[in-house]
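Report on the structure given below.
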Amino acid sequence: MNILGVESSCDETAAAVVSGARRPALVSSVVSSQVAIHAPFGGVVPELASRSHIRFITEVMAEALKKARLKPENIDRVAATAGPGLMGSLLVGLTAARTFAWLFRKPFVPVNHTEAHIMAAFLEKPALKLPLLALVASGGHTELIYMKKHGSYRILGRTRDDAAGEAYDKVAKLLKLGYPGGPALERLARRSRSPVRLPVARMKDGSLDFSFSGLKTAVAQSTVTDRAALAAGFQQAVIAALIGRAREALALTRARTLVLAGGVAANLGLRNAFGELGRQVRVSLVVPRIGLCTDNAAMIACAAWFNPSARRGMRVPADSGWQAGRAIGAG
Ligand code: KG4
Ligand code: ZN
């Protein structure tokens, strides 16, 4: 079983091959970053993102096949991110992957990007035990998801305003750190030994939802001039919020496996804090290696590995939200 995955939902043009008869195994993964294109603008410019995807998508797909030493004929299934993401960007990867599928008469699988972030954990540890609790923290999403089995998900909590990565990016901008904000802010935070105390939002109704916009405002309105202390305080507050809700969700679901995924999971402070939580409450923690946390196509191919029938065929959902996925939904 050889699966070609394609990802183009935001600012990464990616293709990968995942193979394996009994377990998914990563064979090749190519990621072409658009950082240099968006950096002068301080954030992702959707139109430029789509144009860059168009320019590189076929090369990236060909490179993934070449690295896997496979020909298009050897591919059994083609998958691409159908959403959520920037519509213009999504269309490029979807069209390229569907054209490949049509040309070589292969089944096509549209994949939900957030579900795929969780799937990255199965590439890291194929023998992962279910049910599991996953925290997906990325530029577009912050969600606590209970995964009972493949294709069955329940969203326990989600952000009510900014996503965690979005908050990182906005605060990085406030601190004049440029784009991409997350890694830059993390580096700056490391330089401070006296983090500013910033508020960690709690939901009045006791839900497991998140809110990060107040934290961003607190940074904007702070009179502290030490930027590293602000960055460290911000990071501490984000980690406290994520850890706090994950701990509550673990108690609620009694899940024995915890997955931390999405671009923000590349943050070393967060990885360490989850490591500590895992030891404290004795759950098996899986955090994919950094290259599988930030956007990549290996996770897309892996999601299609677990969706063997490609039962959605060529149908690509018009709505690119969670509802676009197979059985994903709140409830
Ligand atoms: O999953 P991802 O690559 O793309 C989306 O699906 O959104 O996540 C990108 C997000 C960005 O907001 C970026 O700032 C954040 O992940 N990020 C980080 C770090 N590396 C990437 N946030 C905090 N610390 C990092 N080291
Ligand atoms: Zn992502």
Side-chain angles (χ1 to χ4, degrees), residues 5-14 16 29 31-35 38-39 42-44 46 49 53 80-86 89-90 93 111-121 134-143 145 158-159 161-175 177-190 210 212 215-216 219 231-232 234-239 241-243 259-274 287-300 302-303 320-322 325:
V6 173
E7 153 66 31
S8 72
S9 66
C10 190
D11 56 350
E12 240 85 59
T13 316
S29 179
V31 180
S32 165
S33 166
Q34 300 181 358
V35 163
H38 302 295
V44 178
H53 286 309
T81 308
L86 300 171
S89 290
L90 286 167
V111 168
N112 179 292
H113 184 85
T114 313
E115 177 182 17
H117 270 301
I118 304 174
M119 292 302 113
L135 172 66
V136 180
S138 70
H141 289 264
T142 305
E143 269 152 14
I145 299 158
R158 57 175 14 139
T159 184
D161 37 59
D162 294 345
E166 188 181 357
Y168 261 94
D169 294 335
K170 286 180 176 171
V171 169
K173 214 167 191 174
L174 284 174
L175 299 178
L177 295 173
Y179 158 90
L185 199 145
E186 180 180 19
R187 277 196 299 278
L188 180 64
R190 224 175 281 146
F210 302 90
F212 294 107
L215 186 54
K216 178 188 65 195
V219 174
F234 167 80
Q235 174 147 304
Q236 221 169 48
V238 172
I239 292 175
L242 297 178
I243 287 281
V259 167
L260 174 64
V264 182
N267 187 286
L268 293 183
L270 187 62
R271 295 170 86 91
N272 290 339
F274 266 76
V287 190
R289 71 202 84 152
I290 289 176
L292 289 177
C293 283
T294 49
D295 284 349
N296 65 87
M299 66 185 195
I300 307 299
C302 186
S320 60
W322 266 103

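Read the numbers this way: they start at 1 and go in the same order the structure lists the ligands and their atoms.
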Taking heavy atoms and a distance under 4.0 Å, where does Asn267 meet ligand 1: side chain, backbone, both or neither?
both
What do we get for Glu12 next to ligand 1 when only non-hydrogen atoms under 4.0 Å count, side chain, backbone, both or neither?
neither
In residues 179-190, what donor-acceptor pairs under 3.5 Å come from side-chain atoms, sequence neighbours left out?
residue : atom : partner : partner atom : Å
Tyr179  : OH   : Asp11   : OD2          : 2.3
Glu186  : OE2  : Leu268  : N            : 2.6

Output all residues satisfying salt bridge (Lys or Arg N to Asp or Glu O under 4.0 Å) with Arg289, sequence neighbours left out; order by chain, then residue number.
Glu124
Mind checking what makes salt bridge (Lys or Arg N to Asp or Glu O under 4.0 Å) contact with Glu12, not counting sequence neighbours?
none
Residue [X] vicinity, atoms of ligand 1 by number, heavy atom under 4.0 Å:
{"X": "His117", "answer": "1 (O), 6 (O)"}
{"X": "Gly165", "answer": "12 (O)"}
{"X": "Thr294", "answer": "3 (O)"}
{"X": "Gly140", "answer": "7 (O)"}

Test your reading of the model: is there a side-chain donor-acceptor pair from [X] to the backbone of [Y], 3.5 Å cut-off?
{"X": "His141", "Y": "Gly165", "result": "no"}
{"X": "Ser9", "Y": "Gly85", "result": "no"}
{"X": "Asn296", "Y": "Thr294", "result": "yes"}
{"X": "Thr81", "Y": "His113", "result": "no"}

Does ligand 1 have an atom that lies less than 4.0 angstrom from a heavy atom of [X]?
{"X": "His113", "value": "yes"}
{"X": "Cys10", "value": "no"}
{"X": "Pro183", "value": "yes"}

May I ask you to identify the nearest protein heavy atom to [atom], giving residue, atom name and distance to one decimal place in Å?
{"atom": "atom 4 (O) of ligand 1", "value": "Asp295 OD2, 2.9 Å"}
{"atom": "atom 21 (C) of ligand 1", "value": "Gly263 O, 3.4 Å"}
{"atom": "atom 26 (N) of ligand 1", "value": "Glu186 OE1, 2.8 Å"}
{"atom": "atom 7 (O) of ligand 1", "value": "Gly139 N, 2.8 Å"}

Working to the nearest 0.5 angstrom, can you tell me the gap between Arg271 CZ and Ile290 CD1?
4.5 Å
If you measure from CZ on Phe210 to CG on Asp162, what distance do you get to the nearest 0.5 Å?
13.5 Å
N/O of Gly182 under 3.5 Å from N/O of ligand 1, yes or no?
yes
Any nitrogen or oxygen of Tyr168, main chain or side chain, under 3.5 Å from a nitrogen or oxygen of ligand 1?
no
If you measure from atom 12 (O) of ligand 1 to every heavy atom of Thr114, Asp169, Val171, Val44, which option wins on shortest distance?
Asp169
Under 4.5 Å between any side-chain heavy atoms of [X] and [Y], yes or no?
{"X": "Ile118", "Y": "Val136", "answer": "yes"}
{"X": "Asn267", "Y": "Gln235", "answer": "yes"}
{"X": "Arg158", "Y": "Ile145", "answer": "no"}
{"X": "Leu260", "Y": "Leu242", "answer": "no"}

Can you count the protein N, O or S atoms that lie less than 2.8 Å from the Zn ion (ligand 2)?
3
Between Phe234 and Tyr168, does the ring centre distance come in under 6.0 Å?
yes
